[in-house]
Amino acid sequence: MAAAALERWVSGELQELLGLSGRHVPGYLVALARRSRSPEELLERLRDTEALRVDEPRVQAFARELWGKVGGAWGGVGGAEGESRRGLPLGIPLDAEHPLGFGGFPPLGSHPTHVGPSHRAPDPPEEPEAEWEASERERLRDLEERDAFAERLRRRDRSRTVLTRPDAKAYEEAQKRLKVAEEDQKTLVPELRKRSRREYLAKREQDKLEELEAEIADEEQLFGEEVLSGPERSRLRYKRRLRDLAREYKRAGERERLEKSQRYRMPEERRGKQPEAGAEEALAPRDEQRRWEEERMEAAALRFGARDAARHRPQPQYEVLLEEEHMVQFISASQMQGSQPQESVQEQRRSLPIFPYRDELVAAIAQHQVLVIEGETGSGKTTQIPQYLHEEGYTRQGLKIGITQPRRVAAMSVAARVAVEMGTKLGNEVGYSIRFEDCTSERTVLKYMTDGMLLREFLTEPDLASYSVLMVDEAHERTLHTDVLFGLLKDIARFRPQLKVLVASATLDTGRFAAFFDNAPVFRIPGRRFPVDIYYTKAPEADYLEACVVSVLQIHVTQPPGDILVFLTGQEEIEACVELLQERCRRLGSRLPELLVLPIYANLPSDMQARIFQPTPPGARKVVVATNIAETSVTIDGIVYVLDPGFCKQKSYSARTGMESLVVTPCSRASANQRAGRAGRVAPGKCFRLYTAWAFQHELEETPVPEIQRADLGSLVLLLKSLGINDLIHFDFLDPPPHETLVLALEQLYALGALNHMGELTTLGRRMAELPVEPMLAKMILASEQYGCTEEVLTVAAMLSVNNAVFYRPKDKVLHADSARRGFHLPGGDHLVLLNVYNQWVASGHSLQWCYEHFVQARSLRRARDVREQLEGLMERVEISPSSCGSDYSPVRKAITAGFFYHTARLTRGGYRTVKHQHSVFIHPNSALFEEQPRWVLYHELVCTTKEFMRQVIEIDSAWLLEVAPHYYQAKELEDGSTRKMPKKVGKSREELG
DNA sequence: GAGCACTGC
């Protein structure tokens, strides 16, 4: 039977058995069958792959039939047990016969112009042996080359000198951002006042009339004539009169415009100037302004009295602001326990909760190889334990203690803190290592680093021989990197009995960690935090955004001083919430103490972000409306109240379609408690949850789904492969990723040429692993060498790696922002637009002003520059010399195609469909090609929001696909069969682009 | 004609 027909048959059978059939799986199964001496052996091999349930009769029947069709022609290629790589680093379990369970991929040479004998061509029946032998020779040759490359890397690493950069700029930036200078505090209050007043006035100018109407309506509704005091009644009367006056002005036309310019002037400015003509006539408006001023002053002055009243009297006067039925009803259900901190700064080290346990802890570490340490933030585990171990001599003989953190800022700031405590300069005995910055020296014994950094260190030092202790901190966060570290550390610990492994986590999950590390003991350290009272709603809230707004006002009106932190899911919600709050405050303004509403989310420009760190002016209250960023990454001082609607956005990844989407999901109990904890950092706090206690107990998951089960694993698989771990199916994961995700990652790596048909790492794959980007980007970069455009492609790669945060699109200047964006358009597509933006930014001398003018986020460009510099530095390492293609961009698009040939779509009569899966997709409206609709496009990513959108799209020539991925595409797939059916003006194929 | 939480190498 011809190979193609055979595979079609297998594919059909798999559809029956599994409901799915990957592109390469049939070929693999055929290869397995070829290598099997009997149907039983084939079944055994199938059992090892864990893809099929071999106990099922229909699977057994399938295996027998398959073996029969193949004809038992086992050639014995895969049976080459003799060349097993057993005994490679550290006894990490290798299984050469079924590496990854994908030992039977069709042969594939190294990229990109090879045309390997692929499974689509019928096997030449006369000489199958010769073909196998040839591919086998090629495979072995490539393995040799790969190992030679790895050896060159090792030699280079040995000769490399360690950089010391104690004056690291990013660290200073972080410190600057986290710390606000005292002078700022002094200038801040008047500035904030002024700004708030200006905002008020500006807005007021726009919709004065509606505003007044609304105010009057509000007052009538909220207060009713009878509860109003004398002055309040007169104020209402005043407002009504004002409304009538305003209506008159509107009719007055010309006169009104003249007055407008005088109506809303700052009193200071006015005082400094001559009274202008016509000022006398504008009495009423100016009167209003004066009144507004007075009201603000009044509100500010009233505050203390009101707060005192709230404390002393059971019925504070502001209670009336929100009627019972409009209020969110909370019931107190529990209290998070806390304990008081010591005041003294001098004795801080000794006063940490961990201090009394020092000797016990040190003894436990001496006694056990792996220790799980349970301690909340503030217990001092991160800063103290490494110092204790240093004092105990774990750093003798030049050995280091490594401590991992999930975040860069944490690694830097903790290292800085410890350096101070030890009285050394950062970068000497105590250092940190994060991406873009290695602040360590040969003297460094305590090394703080990000988890991803330690993972990378495995590449150069697979047994981590220079470390005596490794501590994985914040393990409960279960980042992709920490999860993989667990498996790797567990493995090397077996072979290095003297190595100590510490797993530090907040209270949750320690039992699971302990079980994973062969029942390691758990050492508990009490935390240090103020108690937080938890309130739940009586009934579920239908509209949590509205409930948030009401609750914030409610807290503001009824609760003693202290800032409020609100958790929402994303930028859009946050903007809406901020707007609503400001609107309500304006309407009720006169009788509310000042409320500063500040948003924060990752994509917010830095200067706006910095505002949340500025201290709240005396008498005012701050409301920070935040995403999850405030759950772990950013800590805001002064928060006493937390408002938690209980939702967050989570990325989910579908291996079936290779598509990721962001979905709003209920957060876990662990997250909810983490959020609540944010209220108890400076004083006893309160957390208001906008869901019921029952929902908390019964509807929320205990912990979030670990990232490893939600993410694309391409890079990870490539990294593990580079560490010599071939059998990923059986890798010791704390929580294994879904089988399909692993399979998809393996298939993609195979298609990219990073793995050979045996599932082994190729030379290309080894080089790709050196680049800290996702595999397709890595492939694109490596391919750029032969198209002579490494300079351009590096820029494209760097720009793509700053998540769609290049263009800034403020709500009030959407049109300007969009036209600025269109100014960057180049024919060819979005990747080239990004390249254009970057180059223009460089040409502007990295000007900040330029960024503002072009609605481009400077922070993103700076990050792109960092990424680019890092990649550029690695070019020599992967043995690529720089080249540039000048102004002809088609080589750039070809190089992109070499990496992203997986991501292609073609325009059909029914719109775009992906080439491989016929999945219906759309060009994102922000794309430069949105209107052009070229026939063949390549996309960087597919996201599912309102539709399935392709983001970052370029036009390609379908012929390129055969050129760069002959093993993946067949000519017939790429024919334009539907040419005549196409509408005339769309889908024109343009040869001379870019 | 949309609207993307957060990290990390």
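To find a chain, count down the sequence lines: A is the first, B the second, and so on, and within it residues start at 1.
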Kindly indicate, with the supporting measurements, whether the criterion salt bridge (charged side-chain N to carboxylate O under 4.0 Å, His left out) is fulfilled by E573(A) and K649(A).
CA-CA 11 Å; E573(A) 250 177 45; K649(A) 262 188 192 159; over 6 Å; no
Which part of the nucleic acid, if any, lies within reach of [X] when heavy atoms closer than 4.0 Å are counted: base, sugar-phosphate only, or nothing?
| X | answer |
| --- | --- |
| Q571(A) | sugar-phosphate |
| S633(A) | sugar-phosphate |
| R407(A) | sugar-phosphate |
| K651(A) | base |

Could you tell me the separation between the [atom1] atom of [X] and the [atom2] atom of [N], rounded to a whole number of Å?
| X | N | atom1 | atom2 | result |
| --- | --- | --- | --- | --- |
| E631(A) | dA5(B) | CD | P | 15 Å |
| L604(A) | dC6(B) | CG | P | 10 Å |
| Q674(A) | dA5(B) | CD | C1' | 15 Å |
| R863(A) | dC9(B) | CZ | P | 8 Å |
| L568(A) | dA5(B) | CG | P | 11 Å |
| L480(A) | dC9(B) | CG | P | 13 Å |
| I629(A) | dC4(B) | CD1 | C1' | 14 Å |

Under 6.0 Å between the ring centres of F513(A) and F486(A)?
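Ring centres of F486(A) and F513(A) closer than 6.0 Å.
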Using every non-hydrogen atom in the two residues, find where F567(A) and R678(A) come nearest and quote the distance to one decimal.
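Result for this residue pair: CZ-CG, 4.5 Å.
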OP1, OP2 of [N] versus side-chain N and O of [X]: anything below 4.0 Å?
| X | N | value |
| --- | --- | --- |
| T450(A) | dT7(B) | no |
| R408(A) | dC9(B) | yes |
| T627(A) | dC6(B) | yes |

Going by atom types only, do E477(A) and T632(A) share a side-chain donor-acceptor pair under 3.5 Å?
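On atom types as modelled, these side chains do not qualify, holding no pair under 3.5 Å.
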Side chain of E707(A) only, heavy atoms from C-beta on: which candidate in dT7(B), dA2(B), dC4(B) is closest?
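Closest nucleotide to the E707(A) side chain: dT7(B).
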